Student: 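Let me begin by handing over the structure; questions about it come next.
All figures in this text were calculated on a predicted structure; none of them were measured in a lab. Protein chains get the first letters and strands the later ones, always in sequence-line order, with residue 1 at the start of each.
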Amino acid sequence: MNAGELLSLCKRRGFIWPSFEIYGGVAGMYDYGPLGTNLKDNIISLWRKAYRQGEGFVEIDSETVNPEPVFKASGHIDEFSDFVVYCLGCKEPFRADHLVGDLHPNPDTLSADELKSLFVENGVQCPDCEGDLGDVEEFNLMFKTNIGPGSSRAGYLRPETAQGIFVNFPHLYRYNREKLPLGVIQHGRGYRNEISPRQGMIRLREFNMMEVELFVDPDDKTWPRYDRVKGRDLRLIPEDGSERTLTLEEAVAQGIIANEVLAYFIWVTKRLLEDLGVDCSKLRFRQHLKDEMAHYAMDCWDAEVLLSYGWTEVVGIADRGCWDLSQHSKWSKQEMTHFKRFDEPREVERTVLKAKYRQLGPLFKGDAKEIASMIEACGPQDIKDGEILLEFKGEVIPISSDLFEVVDVREKVSGEKVVPHVIEPSHGLDRIFYTILEHAYRREDDYTVLSLKPQVAPIKVGVFPLMSRDGLDAKALQVYDLLSEEGIEAYYDDSGSIGKRYARMDEVGTPWCVTVDYETLEDERGLQDTVTVRDRDSSEQRRIPIPELVNVVKELLKGRDFASL
RNA sequence: GCGGACGUAGUGUAGCUGGUUAUCACUUGAGCUUGCCAAGCUUAGAACUCGGGUUCAAAUCCCGGCGUCCGCACCA
C-alpha cells in the first residue's frame, strides 16, 4: 500500500485534515476530523484503561506553557538547542560546536559569542568550500513565548508532557501517601519546532503523546505482576543489532533488558499496541545505542512498527534513572525524595561536628548562623591540619578548631532518603493512530476496508432501512436512537443502495451494520422485531431481536466472536 | 535549510506548442427507482496553490512565496 492512498482516505472521510489548509497549510500540522477525533479518543481510552485500571496509576493534566527554569532543569534549554553557523560562501549550515571540536575540550558548553571568537582566532573556515563563516545562531527546537506582558518571564511550549509530572512530584508523592511505586500518566500536546517535518503525520510540530512516569525505589526494580507474564515472548533487537525472540525472563537473566520492571512495561506496551490493532508481525523492540540515548536516559527501548515509511518508533520505554527529579531538586531547591523506612530503626554511631555558637557570633555577626550550618554539614574528614576551609560568599575562610567541636553521637535512624528512579513508557499518539490505520487498511479491486478493532473503531454500528419507505426508515431511526442512548456510536444512512451503504461503513472501519428489512415488520412468522446484523470482516449476517440488540453489540465490543452469535 | 520533481472540483485526472462555456470518471445533494453487498435514470453542486510579471489575452510562458513528494542534512 502507499501512504498517499491512505492519507487521501483520511482526508476525504474526516479522519485528519492538514491544518490551516485554506491558508495554504503549515507543514507538520494536522487537525483531527470527526472520525479521527473519535478514533483518537478510543486509543486514549484503551491506554488509560491499561494503566489506570490495569496498573492502578493516577492521571493528571498539566500546563503546556512552562516557565524557563523547568527546562533549564530538565536540560532541554541546553541539550535541545544547537548552535548553527552558515557558510557565507556555499550557505551550508553547520553545527558550530562540531567545527571547533579540536580547539576546545568541551565545545558544547560554549556560548554563541565564545564560539564565534574561537572561529575568528583560529581562522576556522567552511569545511566544504573553505569559505568564511557567518554569525553563530542558536537554534532551539522549543517554541518560545512570554508569560505575561513584556519579555520579563520567558516561557516555552513543552516538548514533552513528562516535565508536568516531575514538577508535581511532591504533590503526587503526598497524594500517594508517601509510598512507592507511584505511577502517573498524562496525555496531551507537545511541541517541537522541527526543521523540516516529513512523512505525513509521522513527524509533527505539534503532536499528542500519552506518557507514563513510574517512580520506583532505585534498589527495587521488580514488579508484582511480572511473574504472570515472564514466560511471554518479545521480539528484541538489543544494542548489538542482532534480532532475537526471547521471553521476558530470558532477556532479564541475560542482562539484555536492564531490570524486571522495564521488561514488564515493554510487555504491557506490546499488549496495548496489539489491543489497539497494531499488527504484531510488524512490531519489534529495539534498544537504543549509547550515543543515541537522550541526555536523561539510562536504558531505552523503542517499540518500532513497520510502516510504508519503514520501521518507525511509536513508543519509547526509558529508564530515566534519577535524572529528572535530581535536576528539579537542584534547580528548585525542593526536596524530591522518597523516605525509605527500614524494617527496624537502626542505632547508628556517628562522628559529627558541632558549631560553637558562642564564639562564632561575635566573630561573624550576621553571617554566623549560615556559617554554623555549613560547619555542621561537614564531617571529620573535612578537617585538614586542625581547621576546615569553607567557601563563603566567594571567599575561602579558614575555621579553626576552637570554633567547633568533634563529638560522637548515637542516633536512631528509621530510614533513608532516596531519589526515586523513573521508568517512562512514552507513546506517540499520532504515530499509533496512523499505524492503526495503515495496519487496518485492506484494498481489493477498488474496494477498501479498514479492519479496525471494534474497540477503537470511530463508528460501532451503521443503521439502515433496507428501503426508505413502508415505515422501514422510521423503524430504523428507532433502532438508531436505541443504540445512541446506550452510548454506542451509531450512524444512520438511508441513501442509495444497501451495498453502497455497507461500502461506506467498511471504508471507515465500522465493524457491524444493522439493517431493518421487511421481516422486521412481519409477524406471522414470529420474526417480528428482528434485524440483520452484518459483520464487516466476514460479510456474514445474523438475525437478532431488537430487544437483544444492545446487549449483543456490547458483547461483540467486549470481544465475542461474531460467528458464535 | 539545500537540490530535484510536482501543485486543475471532495478524490483521481484531461487540457499546458497562450484565445475552450476548462475534459472525463468517481464522490456529494435532490427526485424517481431500489427486497441485502459501491445497480440504473433525471437533475443540481463543485476546481485551475497564492502573488507578481510578460501579453490585446495566462490553467498554459517567466519570477517569487506557500505546500506536497523524493534525495542530503536534522530527528531530543
Side-chain angles (χ1 to χ4, degrees), chain A residues 2-5 7-14 17-29 33 71 74-82 84-87 90-95 98 128 137 139-142 159-160 162 190-200 202-205 288 291-297 300 302 309 312-313 316 318 320 426 428 444-449 462 464-470 472 493-507 513-522 531-536 538-541 543:
Chain A
N2 75 64
E5 259 174 39
L7 284 171
S8 164
L9 166 71
C10 286
K11 208 173 136 178
R12 207 157 27 84
R13 299 307 305 270
W17 296 314
S19 302
F20 319 110
E21 206 180 19
I22 62 166
Y23 291 108
V26 176
M29 295 188 177
F71 299 119
S74 72
H76 286 91
I77 300 265
D78 297 326
E79 301 292 333
F80 215 51
S81 65
D82 299 328
V84 176
V85 62
Y86 292 90
C87 168
C90 64
K91 309 290 183 204
E92 278 294 305
F94 296 98
R95 283 276 298 270
H98 287 182
D128 279 5
E137 295 170 24
F139 187 81
N140 189 283
L141 263 19
M142 287 192 292
E160 55 175 13
Y191 304 81
R192 296 176 187 187
N193 202 0
E194 295 285 347
I195 297 171
S196 68
R198 287 284 165 81
Q199 301 176 313
I202 299 303
R203 279 179 70 198
L204 300 173
R205 290 202 163 108
H288 275 208
D291 58 356
E292 182 184 8
M293 211 99 75
H295 60 268
Y296 47 71
C300 186
D302 281 349
Y309 300 110
T312 305
E313 173 195 353
R320 295 174 74 128
S426 173
E444 273 175 44
D445 306 328
D446 280 353
Y447 196 92
T448 304
V449 179
F464 319 138
L466 184 62
M467 296 294 137
S468 49
R469 64 178 189 215
D470 303 328
L472 292 175
D493 190 355
D494 63 2
S495 77
S497 68
I498 191 81
K500 191 165 194 168
R501 287 177 256 162
Y502 286 145
R504 262 199 284 261
M505 287 290 98
D506 287 347
E507 196 185 33
C513 292
V514 166
T515 303
V516 171
D517 58 17
Y518 285 93
E519 283 184 45
T520 309
L521 305 178
E522 283 172 18
V531 289
T532 61
V533 178
R534 176 255 193 191
D535 180 54
R536 174 193 64 205
S538 64
S539 301
E540 281 177 27
Q541 297 192 342
R543 281 209 87 81

Student: Taking the nucleotide of RNA chain B with the nearest heavy atom to each, does S495(A) or V516(A) sit closer to the 5' end?
Tutor: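 Per heavy-atom nearest nucleotide, the more 5' residue is S495(A).
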Student: Atom CZ of F464(A) to atom P of G35(B): distance rounded to whole Å?
Tutor: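 Taking atom P of G35(B) as the reference, CZ of F464(A) is at 17 Å.
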Student: Find the distance H76(A):NE2 to C75(B):C1' and express it as a whole number of Å.
Tutor: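 That distance rounds to 14 Å.
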Student: Are the side chain of R205(A) and the backbone of A27(A) linked by a donor-acceptor contact shorter than 3.5 Å?
Tutor: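 A pair under 3.5 Å: yes.
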Student: Can you tell me how far P in U28(B) sits from the matching atom in C63(B), rounded to whole Å?
Tutor: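 Per the computed distance, 41 Å lies between those P atoms.
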Student: Mind calculating the distance between CE (M467(A)) and C1' (C32(B)) to the nearest angstrom?
Tutor: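 Rounded to the whole Å, the gap is 14 Å.
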Student: Base, sugar-phosphate alone, or nothing: which one does T532(A) contact when heavy atoms must sit under 4.0 Å apart?
Tutor: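 Base contact - T532(A) has a heavy atom under 4.0 Å of at least one base atom.
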Student: Would a 4.5 Å heavy-atom cut-off, applied to side chains only, mark M505(A) and K500(A) as touching?
Tutor: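 Not touching, per the 4.5 Å side-chain cut-off.
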Student: To the nearest Å, how far apart are E5(A) CD and U27(B) C1'?
Tutor: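 After rounding, the gap between these two atoms is 16 Å.
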Student: With both distances under 3.5 angstrom, what nucleotide forms a Watson-Crick or G-U wobble pair with A47(B)?
Tutor: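 The answer is none; no pair meets the criterion.
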Student: Would you say the side-chain atoms of T515(A) pair up with the backbone N or O of D517(A), donor to acceptor, closer than 3.5 Å?
Tutor: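 Here the side-chain-to-backbone pair does not exist.
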Student: Do the non-hydrogen side-chain atoms of D493(A) and R504(A) ever get within less than 4.5 Å of each other?
Tutor: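 They are in side-chain contact.
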Student: Distances under 3.5 Å between protein N/O atoms and the N/O atoms of nucleotides 5-11 of chain B, please, pair by pair.
Tutor:
{"from": "U11(B)", "atom 1": "OP1", "to": "K11(A)", "atom 2": "NZ", "distance (Å)": "3.4"}

Student: Please measure how far the P atom in G53(B) lies from the corresponding atom in A44(B), and state the result in whole Å.
Tutor: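 Taking atom P in both G53(B) and A44(B), they lie 38 Å apart.
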Student: Run the side-chain contact (heavy atoms from CB on, under 4.5 Å) test against P159(A) and tell me which residues pass, sequence neighbours left out.
Tutor: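 Per chain and number, P159(A) pairs via side-chain contact (heavy atoms from CB on, under 4.5 Å) with F71(A), H76(A), F80(A), M142(A), R192(A).
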Student: Searching all strands shown, indicate the nucleotide that pairs with C69(B) (Watson-Crick or G-U wobble; both distances under 3.5 Å).
Tutor: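 Here C69(B) is engaged in a pair, and the nucleotide opposite it is G4(B).
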Student: How far, in whole Å, is A30(B) from U21(B) if one measures between their C1' atoms?
Tutor: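 One C1' to the other, the span is 25 Å.
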Student: If we ignore hydrogens and angles and just use 3.5 Å, is the side chain of D446(A) paired with the main-chain N or O of T448(A) as donor and acceptor?
Tutor: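 No, because the side chain of D446(A) does not come within donor-acceptor range (under 3.5 Å) of the backbone of T448(A).
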Student: If U23(B) has a Watson-Crick or G-U wobble mate with both distances under 3.5 Å, name it; if not, just say none.
Tutor: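 Pair assignment: U23(B) / none.
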Student: Do R534(A) and Y502(A) form a cation-pi contact, if we require the NZ or CZ to be under 6.0 Å from the six-membered ring centre and within 45 degrees of the ring's axis?
Tutor: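 The answer is yes; both the distance and angle limits are met.
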Student: Between G12(B) and U68(B), how far apart are the two P atoms, rounded to whole Å?
Tutor: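 G12(B) and U68(B) have their P atoms separated by 15 Å.
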Student: Taking CD from E313(A) and P from C74(B), how many angstroms apart are they, rounded to a whole number?
Tutor: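 Going from CD in E313(A) over to P in C74(B) covers 18 Å.
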Student: Roughly how far apart, to the nearest Å, are U60(B) and A22(B) at atom P?
Tutor: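 Each nucleotide's P atom is 15 Å from the other's.
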Student: Separation of R205(A) atom CZ from C75(B) atom P, in whole Å?
Tutor: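 Nearest whole value for this atom pair: 16 Å.
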Student: Check whether any side-chain heavy atom of F20(A) sits under 4.5 Å from a side-chain heavy atom of I22(A), and report yes or no.
Tutor: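 They are not in contact (no side-chain heavy atoms under 4.5 Å apart), so the answer is no.
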Student: Could you tell me how far U27(B) sits from G40(B) if I compare only their P atoms? Round to whole Å.
Tutor: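 Their P atoms lie roughly 8 Å apart.
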Student: Does a side-chain heavy-atom distance below 4.5 Å link R543(A) with T520(A)?
Tutor: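 In short, these two side chains touch, coming nearer than 4.5 Å.
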Student: Provide the distance between the two P atoms, one in U11(B) and one in U43(B), to the nearest whole Å.
Tutor: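 These two P atoms come out 26 Å apart once rounded.
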Student: Nearest whole Å is fine: how far is U68(B) C1' from L204(A) CG?
Tutor: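 Rounded to the whole Å, the gap is 15 Å.
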Student: Searching all strands shown, indicate the nucleotide that pairs with U55(B) (Watson-Crick or G-U wobble; both distances under 3.5 Å).
Tutor: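 Pair assignment: U55(B) / none.
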Student: If you define the side chain from C-beta out and look only at heavy atoms, does anything of I498(A) sit under 4.5 Å from F464(A)?
Tutor: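 Side-chain contact under 4.5 Å: yes.
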Student: Return the nucleotide paired to C41(B): Watson-Crick means purine N1 to pyrimidine N3 with N6-O4 or O6-N4, wobble means G-U with N1-O2 and O6-N3, both under 3.5 Å.
Tutor: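 Paired with C41(B), as far as the under-3.5 Å criterion goes, is G31(B).
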Student: Go ahead and name the base partner of C74(B); Watson-Crick or wobble counts if both distances stay under 3.5 Å, otherwise write none.
Tutor: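 Result: none.
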Student: Can you name the closest pair of heavy atoms from V514(A) and V533(A) and give their distance?
Tutor: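 Smallest heavy-atom distance, with atoms named: CG2-CG2, 4.0 Å.
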Student: At under 4.0 Å between heavy atoms, which parts of nucleotides 37-42 of chain B does protein reach? Answer with one letter per nucleotide, 5' to 3': B base, S sugar-phosphate only, - none.
Tutor: BBB---
Student: Say you pick atom C1' in G31(B) and the same atom in U17(B); how far apart are they, in whole Å?
Tutor: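 Those two atoms are separated by 46 Å.
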Student: Taking CG from D493(A) and P from U34(B), how many angstroms apart are they, rounded to a whole number?
Tutor: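 Rounded to whole Å, this separation is 19 Å.
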